[in-house]
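For reference, the structure discussed in these notes is given below.
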Amino acid sequence: MIVYVIYLVTRSKTVGLAATSVTIFGFVCQTIAFLTRWSHSYDFWVASNPTSSLVESLLRAAPLRNLYESLIFFVWSLILIHLLIEFKYKNRSLGAFVTPVAALALLFIDISGTTKEIQPLMPALQSNWLLFHVLLAFLGYAAFGVSFGAAAAYIIMITENRKEKTYIFWSIIIGIFLVVLIAMGMDFLGLSAEERKELIQSHFLKTTFRSDSGGVAAASYVIGIAFIYLIWQFGLGLKKVLGSLAVTPQMLEDIEYKSIAIGFPLFTIGGLIMGAIWANSAWGKYWSWDPKETWSLITWFVYALYIHARFVAGWRGKRVAILAVVGFVAVIFTYLGVNLVLSGLHSYGSG
C-alpha cells in the first residue's frame, strides 16, 4: 500500500515497478501461507475424524471457516483481482485505492481480537455447500472492493470543489470508516492480554464512543468529526495527483462497472442461493431473516439497483459511482458490522 501511495505521489516508473513487485511477492507468500494452513487444517481434521475420506477431509479443512480465515481469503482475492486489472489496463494507479482496503482488512484482524488458531469445525458448518457459499461470496466481495476503489478514485477525479454533494458524501463515508477503525485500535490497546482473546463484540468502541465516561464519549465525537473534516478539506488534493497520471475517469468507470458485473453473479449464486441451500441443510429453513441474511439481501438489492440503473435507466458517472460506494459500505456492514453489533445464526462466524 505504502509503495503504491509513493508511486501516486512521485509518478516514478521505478517506484511503480517496485509497488507491483512487492504486491506480487506478498501475494505469492500469502498463497503459500493459505495452502500451508489448509494442510495443517487437514491434519487437524483427520486426527479428529479418522474415518473421513480424502475428498471430504480436504473440503472440511478448507481455511474458510471463521472470521480470521475468511478475511485472509478476502484479502487474497482482492489482491488477485487487483493484479489482473493492473496487468489488463497496464496502469498501477488503482493500487493506491485498492491495496489500502486490503491493508485495513489485515489491520482489522489484529484489532478485532479474532482467534487465529485452528479450531474444530462445528456440525452446522460441515457441509460442502458452505465451502462453495463462502468461496464464491468472498470472490464477489473482493470484486466489489475493487469497484469501490475505482468509484472512489472516479469521484475524486470529477470533483470540481469541496461543496459538491458527491465529494461530501465520499469524504464522510471514508472518514467514518477510518474513525471506527482507529477507535477499534484504541479498544485493542486498552485491553489486557487475556481480554484480547475475547471477541471484539464485547468491547466494540467501549474505549471511545461507547465509553462509560460521558466526557470521553463527547470528546470522541468531537475528534471524530474533526478527523472527517480534515479528510474533506485535504482529500481534493488527490485530484491533482490522479490528473497527472495515465488514468482517466472513463477508465475508472469501466473498472468499476466490470468489477460489479463479475462480483454480482458470484455474490448472487454463492452468497444468496448456495447460502440458502446450506441454511436449509443446517437449520431446516432456506431463509430465516437472520441479520446476516437480511443485510446480504440489502447488499444484493444495492448492486441490483446499480445494474438496473446502468442498463435500463442509462445512469452513468456520479450516480452509479455513489451506488458502488454505498454497495461496498453494505458489504462491510453485512460481513463485519453484523458480527460486531448484532447477533444471530451466523454469530459463530465472528470467532
Side-chain angles (χ1 to χ4, degrees), residues 27-81 84 102 105-106 109 112 114-145 262-288 290 292-293 296 299-300 331 334-336 338-339 344-351:
F27 178 75
V28 172
C29 290
Q30 192 180 2
T31 303
I32 295 172
F34 183 81
L35 295 175
T36 301
R37 183 164 180 105
W38 198 333
S39 173
H40 290 166
S41 296
Y42 174 82
D43 294 338
F44 186 88
W45 171 266
V46 170
S48 306
N49 303 273
T51 58
S52 292
S53 65
L54 174 64
V55 174
E56 184 184 49
S57 298
L58 284 172
L59 293 177
R60 298 292 185 272
L64 301 167
R65 306 173 301 176
N66 57 29
L67 183 61
Y68 168 72
E69 293 179 343
S70 57
L71 275 173
I72 290 295
F73 181 71
F74 167 73
V75 172
W76 182 87
S77 304
L78 187 67
I79 296 301
L80 171 64
I81 294 175
L84 291 175
L106 292 175
I109 290 173
S112 65
T114 182
T115 179
K116 300 178 179 62
E117 297 179 358
I118 297 173
Q119 297 175 317
L121 191 61
M122 60 185 296
L125 302 185
Q126 296 177 18
S127 166
N128 294 340
W129 288 110
L130 173 69
L131 172 65
F132 296 111
H133 162 57
V134 176
L135 184 71
L136 294 180
F138 273 84
L139 285 173
Y141 284 170
F144 294 151
I262 293 172
F264 186 70
L266 290 174
F267 181 68
T268 301
I269 297 172
L272 295 186
I273 298 176
M274 289 188 176
I277 295 173
W278 166 56
N280 184 57
S281 65
W283 302 310
K285 290 193 294 185
Y286 287 100
W287 198 268
S288 55
D290 172 72
K292 181 79 77 175
E293 295 172 350
S296 295
T299 300
W300 185 87
V331 167
T334 298
Y335 185 56
L336 300 179
V338 169
N339 289 68
L345 294 172
H346 288 74
S347 58
Y348 55 82
S350 57

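Not measured: the values here are computed from a predicted model. Just so it is clear, the values below take in all heavy atoms, side chains as well, and ignore hydrogens, waters and symmetry mates.
Panel note: side chain W38, backbone L58; a donor-acceptor pair is recorded below 3.5 Å. A donor-acceptor pair under 3.5 Å is formed between the side chain of E69 and the backbone N or O of R65. At least one donor-acceptor pair closer than 3.5 Å links the side chain of E293 to the backbone N or O of S288.
Residues forming a side chain to side chain contact (heavy atoms under 4.5 Å, CB included) with T31 (at least two apart in sequence, or on another chain): F27, L35, W76. The side chain to side chain contact (heavy atoms under 4.5 Å, CB included) search around V134 returns L64, L130, F138, not counting sequence neighbours. Remark: S77 engages no residue in a side chain to side chain donor-acceptor pair (under 3.5 Å) (not counting sequence neighbours).
Rounding to the nearest 0.5 angstrom, the gap separating the CD1 atom in I269 from the CZ atom in F264 is 10.5 Å. Atom-to-atom distance recorded for L139:CG and I81:CD1 is 6.5 Å, nearest 0.5 angstrom. Of the inter-residue distances, the one linking T51 atom OG1 with N49 atom CG reads 6.5 Å to the nearest 0.5 angstrom. Distance check, rounded to the nearest 0.5 Å: CG of L266 to CE of M274 gives 10.0 Å. Considering OG of S281 and OH of Y286, their distance stands at 9.0 Å, rounded to 0.5 Å. To the nearest 0.5 Å, the span separating OG1 on T334 from CZ on F144 amounts to 10.5 Å.
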Go through the steps for W129 and I273 under the test side-chain contact (heavy atoms from CB on, under 4.5 Å), then give the verdict.
CA-CA 10 Å; W129 288 110; I273 298 176; over 6 Å; no

Hey, mind stepping through Y141 and L78 against side-chain contact (heavy atoms from CB on, under 4.5 Å) and telling me if it holds?
CA-CA 8 Å; Y141 284 170; L78 187 67; over 6 Å; no

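Closest non-hydrogen pair, A105 versus V75, comes out as CB-CG2, 3.7 Å. The minimum heavy-atom distance linking L272 with S296 is given by the pair CD2-CB, 3.9 Å.
Two residues are said to be in side-chain contact when any heavy atoms from C-beta on lie closer than 4.5 Å; L54 and Y42 meet this criterion.
When only modelled atom types and interatomic distance are considered, S52 and W45 share a side-chain donor-acceptor pair under 3.5 Å.
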